[in-house]
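Naming convention: chains lettered A, B, ... in sequence-line order (proteins, then strands); numbering from 1 in each chain.
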Amino acid sequence: MSSNLITTFKRPESMSDNTTHYCPGCTHGIIHRMVAESLDELGVSGRSVGVAPVGCSVLIYNYFNVDFIEAPHGRAPALATGFKRVRPDMIVFTYQGDGDLASIGMGEIVHAANRGEKFTTIFVNNAIYGMTGGQMAPTTMPNQKTTTSPGGRDTDKVGFPIRMSEMLSTLKTPSYIARVAVHTPLHAIAAKKAIKRAFQLQVENRCFSMVEVLSTCPTNWGITPEASTKWVESDMVPYYPLGLYSDPDREET
Amino acid sequence: MTKKLMKGNEAIGEAAIAAGAINYFAYPITPQSEVAEYLCWRLPEVSGVFVQGESEVAVGNMIFGAAASGKRVFTTSSSPGISLMQESISYMAGAHLPVVILNIMRGGPGLGGILPAQSDYFQATKGGGHGDYRLIVLAPASVQEAVDLTILAFDLADKYRNPVMIIGDGMIGQMMESVEFPEKYRDENNPDDFDWALTGADNRPARITKSLYLDPKKLEDNSIKLAEKYKKIVEAESRHELYHVSNDNQLLIISYGTMARICQTVIDELADEGISVGLMRPITLYPFPGAELYAEATKKNIKRVLTVEMSMGQMVEDVERYVVGKKPVDFFGRTGGIVPTPNEVKDKIRELLKPSPKAKKTKSSRKKQIKG
Amino acid sequence: MSGQIDVVFAGFGGQGIMTAGQLLAYTAMEEGKQVCWIPSYGPEMRGGTANCTIVVSDTRIGSPIINNPAGACVFNRPSLDKFVPSLRAGALLLINSSLIDTPSGRSDLIEVKIPINEIAMKLGNPKAANMVMLAAYVKATGVVKMKSLENMLITKLGHKKSALEINKRAFKEGAKAVSGLQVRDKV
């Protein structure tokens, strides 16, 4: 390599050299990177513990140079609670999908947030069960076709998609809750900022923090990666408005 | 060492602190809520962690997360709550994590009742959750023994990196007896002493606490590793107590926990009538003291082996397994929160030892029961 | 005392049943005896009635469940009905005659009626009724020494001078109520 070439973009220290198993067009990889960059920039990688979910990102621990626990389906916030309570000096985060967090793990996330557990949750919402092959999730859009809603989500029978950020921000306990997206570079910049702030608040021992990231699943949505990013903008963002839902510095209204 | 009069539930809580286990997560359920009511004020005195979880499902997973830190962690519950924890127990066994779980058993199945029972023997000793795993299971018969076994439970959990369950019936939790605690309390574990604890990947490769192995060979390897551990446990950790065992015994009782104490009264009272009966009380239910049982049960003078439980007959299956048909195995039990009285057990023994004109009557009444 | 002695304390919640039983258990432990105190904790606990069994022994205690107690201190009528049939022959039955106006109906018991509520009222604190009963039981059976019981009371109540004084007087009255009573063999 010529000596006048310098590296301007490299893999975050917190990430391992392993190649991810994610499908083409999936945004898990981008979100992983944002988590890793945040840990690097805050200098906490060596005292961090991640909690892996059950879902597509079950193998997340293969992609990080960070200690990890793998949780039963939906229970990551309970594991994070246990770990953080006995090691408050460490940085603890859960990384969960919509089936994991908003369906089977609804109880655990609500109570962890309400107790004000001082860990960070990265909630990846792609409106479908990915790993099990495209079944309806609590966040599946009205009329969206899945393998268990082949005629489209019928809101008369199964209700409307659950808006987790809105729901958790109704809790009186102070928290940081933001919804972001990663389908355009501009959105990705805002997403990274939110994720870093979530970790920063944990470093400061301030509050529970959660960033909901709207994500794509071209494979199970049955459309191209490019069409997927457009669908996020046209269908998901209107129903799941982006923005800050709760911030410990924001005065209560 | 000073003696204290303490309720079993509270004494067990204090014993955990004595063992250096100052991280406790629980959900209220009768008849063990006094453990949480005690530890919620006692743990802050020793800078410990007390969390009341939102469910036993969550609590099981809180201890899972906390145990990955390498510190000693503890939860307590009663039968229906223990059922809810089975998911996390299976995961913790698969991930080789040391935790201690106390089950103050109440009558089941379902919501059952809140009175004492021993009907969770199968659940505790045969798995409970999914997969090839075992728990070390300890069964105290007095408040003092509950204290001693709680301290032992943490040592065994750390030694084998395996969940340990203490099972006691409701009486163990509710009764007050005099107890003594160790003079010196143990310090908390230092997570840096363990090569598996999650302490942060600072200048070392990342550590993963997991039970997922998508490659079947690796999953089999983990199960073999577990099995080898259980083999060591069976070889080294079996514990039991004999009471009134002699060559005069006509019958051998096998019973554990409070039920075994009731059987001691039975044995004392029958001795006054000239009927000699011995007792073998397993202290570890897993590993079950099977070889020791075989040795005692097959002694020439023993005519029959009687298993007495507060259940419809669970441990008796292990008794049959180890007596291997050498002697008739009988069963007596009450359940649903009804505790067999000494009189009932005495009646059963008198009936079993009654000389019978027909030879076939010496066959196991339990076998008849199964066939019938 | 030799061997094992067991007794049931039974009444309404709020009558100090558990406290009286525990004080007896603590005292016996202080005297170096083996002791087991076991409460009712079933649904009846929530329904307002309460009972506890105390077993005191010189040797290791077997069954904490007592089929046929050697003694019962009954504080209300439902407790009389519940426990009288199970008492062993020759058992000591102390009846709170302030609230129970019927006899046990058994001729094989040593039965003593003590108006513990009235006695406690005269002492100036109705809450001391349980201590009148406890003292009567201890005096009649000799299960522990009266002096040991008083010492334990001082240990437990030392900081509450007025309560201590009333309870001490309750002990005297309780003992007086069974004066002259001979419980055979002090079973």
Side-chain angles (χ1 to χ4, degrees), chain A residues 13-16 18 21 39 43-54 58-92 94 104-115 117 119 131, chain B residues 21-25 27 48-75 85-92 94-95 97 99 129-130 188-189 191 196-214:
Chain A
E13 295 283 328
S14 296
M15 289 200 94
S16 71
N18 294 330
H21 67 286
L39 297 178
V44 295
S45 181
R47 59 179 175 108
S48 290
V49 167
V51 186
V54 172
V58 65
L59 297 174
I60 183 172
Y61 44 73
N62 287 338
Y63 312 129
F64 278 74
N65 290 322
V66 167
D67 284 1
F68 256 93
I69 322 176
E70 167 213 86
H73 199 16
R75 316 293 176 225
L79 277 93
T81 297
F83 196 96
K84 183 76 183 184
R85 289 287 186 122
V86 302
R87 286 302 302 266
D89 55 322
M90 290 182 69
I91 300 302
V92 180
T94 73
I104 193 167
M106 178 66 95
E108 282 75 15
I109 190 65
V110 171
H111 284 279
N114 193 53
R115 283 190 303 265
E117 299 294 348
F119 64 80
M131 191 176 77
Chain B
I22 57 169
N23 303 295
Y24 175 76
F25 302 82
Y27 185 82
V49 171
F50 172 89
V51 179
Q52 178 171 329
E54 66 270 27
S55 68
E56 288 93 346
V57 174
V59 163
N61 286 288
M62 286 175 185
I63 60 167
F64 181 3
S69 75
K71 294 196 177 186
R72 288 185 162 185
V73 298
F74 184 40
T75 190
M85 290 180 191
Q86 293 303 327
E87 173 192 62
S88 52
I89 294 172
S90 165
Y91 278 68
M92 288 186 285
L97 284 181
V99 291
H130 60 283
E188 251 204 305
N189 279 352
W196 53 267
L198 304 190
T199 54
D202 195 16
N203 294 317
R204 63 151 171 79
R207 292 172 184 164
I208 314 297
T209 298
K210 64 166 189 169
S211 58
L212 175 73
Y213 299 93
L214 290 172

Could you have a look at [options] and say which one has the most heavy-atom pairs with chain B under 4.5 angstrom?
{"options": "Gly105(A), Ser16(A), Ala78(A), Ala76(A)", "result": "Ala78(A)"}
{"options": "Val54(A), Leu79(A), Asp67(A)", "result": "Asp67(A)"}
{"options": "Ser45(A), Pro72(A), Gly46(A)", "result": "Pro72(A)"}
{"options": "Val92(A), Val66(A), Val49(A)", "result": "Val66(A)"}

### Query
Considering all heavy atoms of both residues, which atom of Val86(A) and which atom of Ser69(B) are nearest to each other, and what is their separation?
CG2-OG, 3.4 Å
### Message
If you compare all heavy atoms of Ala206(B) against all heavy atoms of Ala201(B), which two are closest, and at what distance to 0.1 Å?
### Response
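Taking every non-hydrogen atom into account, CA-CB, 3.7 Å.
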### Message
Heavy-atom cut-off 4.5 Å, strictly under: side chain, backbone, both or neither for Phe50(B) against chain A?
### Response
backbone
### Message
Less than 4.5 Å to any heavy atom of chain B: does that hold for the side chain of Arg85(A), its backbone, both, or neither?
### Response
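Contact with chain B: backbone and side chain both.
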#### Entry: Heavy-atom proximity to chain B below 4.5 Å, by part of Ile91(A)
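No part of it gets close to chain B.
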In terms of heavy-atom pairs under 4.5 Å with chain A, which of [options] leads?
{"options": "Thr199(B), Val49(B), Asn23(B), Ile63(B)", "answer": "Thr199(B)"}
{"options": "Arg204(B), Glu54(B), Lys210(B), Lys71(B)", "answer": "Glu54(B)"}
{"options": "Val73(B), Leu214(B), Asp202(B)", "answer": "Asp202(B)"}
{"options": "Pro191(B), Ala68(B), Ser88(B)", "answer": "Ala68(B)"}

### Query
To the nearest 0.5 Å, what is the distance between CE (Met131(A)) and NE2 (His21(A))?
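The NE2 atom of His21(A) is 8.5 Å from CE of Met131(A), to the nearest 0.5 Å.
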### Query
Can you name the one residue among Asn65(A), Leu39(A), Val44(A) that meets side chain to side chain contact (heavy atoms under 4.5 Å, CB included) with Ser14(A)?
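Running side chain to side chain contact (heavy atoms under 4.5 Å, CB included) over Asn65(A), Leu39(A), Val44(A) with Ser14(A) returns exactly one hit, Leu39(A).
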### Side-chain heavy atoms of Leu212(B) within contact of Tyr61(A), under 4.5 Å
yes
#### Entry: Test item: Val51(A) and Phe83(A) side chains (from C-beta on) under 4.5 Å apart, heavy atoms
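When only atoms from C-beta onward are counted, Phe83(A) and Val51(A) do not touch, as no gap falls below 4.5 Å.
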### Query
Around atom OH of Tyr27(B), are there more than 12 heavy atoms of other residues, nucleotides or ligands at under 6.0 Å?
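No.
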### Message
Please tell me whether His73(A) and Tyr91(B) form a close aromatic pair, meaning their ring centres lie under 6.0 Å apart.
### Response
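Centroid distance His73(A)-Tyr91(B): not below 6.0 Å, so no.
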